[in-house]
Amino acid sequence: MTDPRTPDASRRSERSRRAIYEAALALVGEVGYARTTIEGIAARAGVGKQTIYRWWPSKAAVLLEAFLDLAEQAAEAAGPGEYEIPDTGDLEADLRLVLRATVDELNDPRYDVPARALTAEGVVNAELGATFVEKLLEPQLQLYVKRLRAAQDAGDVRAGIDPRIALELFAGPLAHRWLLRTLPLTHDYADLVVDYAVNGLAPRD
């Protein structure tokens, strides 16, 4: 039998990893991406910096994995089947619901600051940007594809429309306003985006 007094290395590693995630997200929120360092993350997490370098090659990689973990926690909290765009048969209402939730998430400081940092770093770091898109953004965008295809099957969206392009009519305006801070990102704005876009996707007489 395993001696219960023997430290469990896997549990210790998981605790350290979780502490590093929390430290990275907290520091970026407090001091910004540029002033966040591996040394700072290590000190905040209560681990040696070599522990971080053993698992990640850079602070960008740490932040990306921490942000992905945050998204996974949100999906788990939502429950099985809940982390999708609903299909009530009313496309416009379903999309309004999702875009409003997106507005709330983008305005939440827990997501806003690290998401901006990763977006900016991904512009100059092509590998990080590609990983961010592949592991986080594209799976979320595919939820729109699924819902729009269902709307096509129901006759609510024109058959010739490419859902992967059409989804950008919804996601693109929110991302633009959020990233560039052109105007406030609100529920009313999200509702108008859905209204304008859905009317353009509807079947034509």
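Everything quoted here is computed from the prediction, not taken from an experiment.
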* Show the numbers, then the answer: is there a side-chain contact (heavy atoms from CB on, under 4.5 Å) between Leu167 and Gln142? => CA-CA 9 Å; Leu167 70 85; Gln142 286 300 316; 5.9 Å; no
* Asked: Would you say Ile41 and Arg44 make side-chain contact, with heavy atoms under 4.5 Å?
  ->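 Sidechains of Arg44 and Ile41: no contact.
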* Asked: How about Trp56 and Ile20: do any of their side-chain heavy atoms sit closer than 4.5 Å?
  ->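 Answer yes - side chains close enough.
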[X] versus [Y], closest heavy-atom pair with distance:
X      : Y      : answer
Asp94  : Asp87  : OD2-CA, 3.3 Å
Asp156 : Gly89  : OD2-O, 4.1 Å
Pro203 : Gly155 : CG-O, 3.3 Å
Pro173 : Glu168 : CD-O, 3.4 Å
Leu141 : Ala171 : CD2-CB, 4.1 Å
Trp55  : Ser16  : CH2-CB, 4.1 Å

Mind checking who shares a hydrophobic cluster with [X], ILVMFWY linked at side-chain heavy-atom distances under 4.5 Å?
X      : result
Val31  : none
Tyr196 : Leu192
Leu183 : none

* Asked: Got a salt bridge between Asp195 and Arg96, using NZ or NE/NH1/NH2 to carboxylate O under 4.0 Å?
  ->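 Looking at Arg96 together with Asp195, the answer is no, because their closest N to O distance does not fall below 4.0 Å.
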Rounded distance (nearest 0.5 Å) linking atom [atom1] of [X] with atom [atom2] of [Y]:
X      : Y      : atom1 : atom2 : result
Arg18  : Ser13  : CZ    : OG    : 13.0 Å
Tyr111 : Asp104 : OH    : CG    : 11.0 Å
Ser58  : Asn125 : OG    : CG    : 7.0 Å
Glu92  : Leu97  : CD    : CG    : 13.0 Å
Thr131 : Leu137 : OG1   : CG    : 11.5 Å
Leu179 : Thr119 : CG    : OG1   : 6.0 Å

Honestly curious: do [X] and [Y] fall in one hydrophobic cluster under the side-chain, below-4.5 Å linking rule?
X      : Y      : result
Phe67  : Trp178 : no
Leu106 : Leu118 : no
Leu148 : Leu174 : yes
Tyr53  : Leu128 : no
Val113 : Leu64  : yes

* Asked: By side chain to side chain donor-acceptor pair (under 3.5 Å), which residues pair with Thr182, not counting sequence neighbours?
  ->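 Result, side chain to side chain donor-acceptor pair (under 3.5 Å) vs Thr182: none returned.
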* Among all residues two or more places apart in sequence or in another chain, which pass the side chain to side chain donor-acceptor pair (under 3.5 Å) test with Tyr21? ->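 Here the qualifying residues are Glu65.
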So does [Y] get a backbone contact from the side chain of [X], meaning a donor-acceptor N/O pair under 3.5 Å?
X      : Y      : value
Arg147 : Pro86  : yes
Gln152 : Ile161 : yes
Arg149 : Pro163 : no

* Chi angles and distances behind the side-chain contact (heavy atoms from CB on, under 4.5 Å) call for Leu201, Leu169 -> CA-CA 10 Å; Leu201 297 177; Leu169 298 174; 3.9 Å; yes
* Asked: side-chain contact (heavy atoms from CB on, under 4.5 Å) between Val98 and Phe170: does it pass, once the steps are laid out?
  -> CA-CA 10 Å; Val98 170; Phe170 306 100; over 6 Å; no
* Asked: Just wondering, are more than 12 heavy atoms of other shown residues or ligands nearer than 6.0 Å to NE2 in His176?
  ->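 Open: at most 12 neighbouring heavy atoms sit under 6.0 Å from NE2 of His176.
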* Asked: Got a sec, which pairs hit salt bridge (Lys or Arg N to Asp or Glu O under 4.0 Å) with one end in residues 110-126, sequence neighbours left out?
  ->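 Applying salt bridge (Lys or Arg N to Asp or Glu O under 4.0 Å) to every pair that reaches into residues 110-126, excluding sequence neighbours, yields Asp108-Arg110, Asp112-Arg116.
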* Using the six-membered ring of Tyr33, assess whether NZ or CZ of Lys59 lies under 6.0 Å from its centre and within 45 degrees of the ring axis. =>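 Yes, a cation-pi geometry.
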* Evaluate the criterion side-chain contact (heavy atoms from CB on, under 4.5 Å) for residue pair Val103 and Arg100; output intermediate values, then yes/no. => CA-CA 5 Å; Val103 165; Arg100 283 182 169 218; 5.5 Å; no
* Under the salt bridge (Lys or Arg N to Asp or Glu O under 4.0 Å) rule, what do Glu22 and Arg17 come out as? Steps first, then yes or no, please. => CA-CA 9 Å; Glu22 293 173 358; Arg17 188 180 297 273; over 6 Å; no
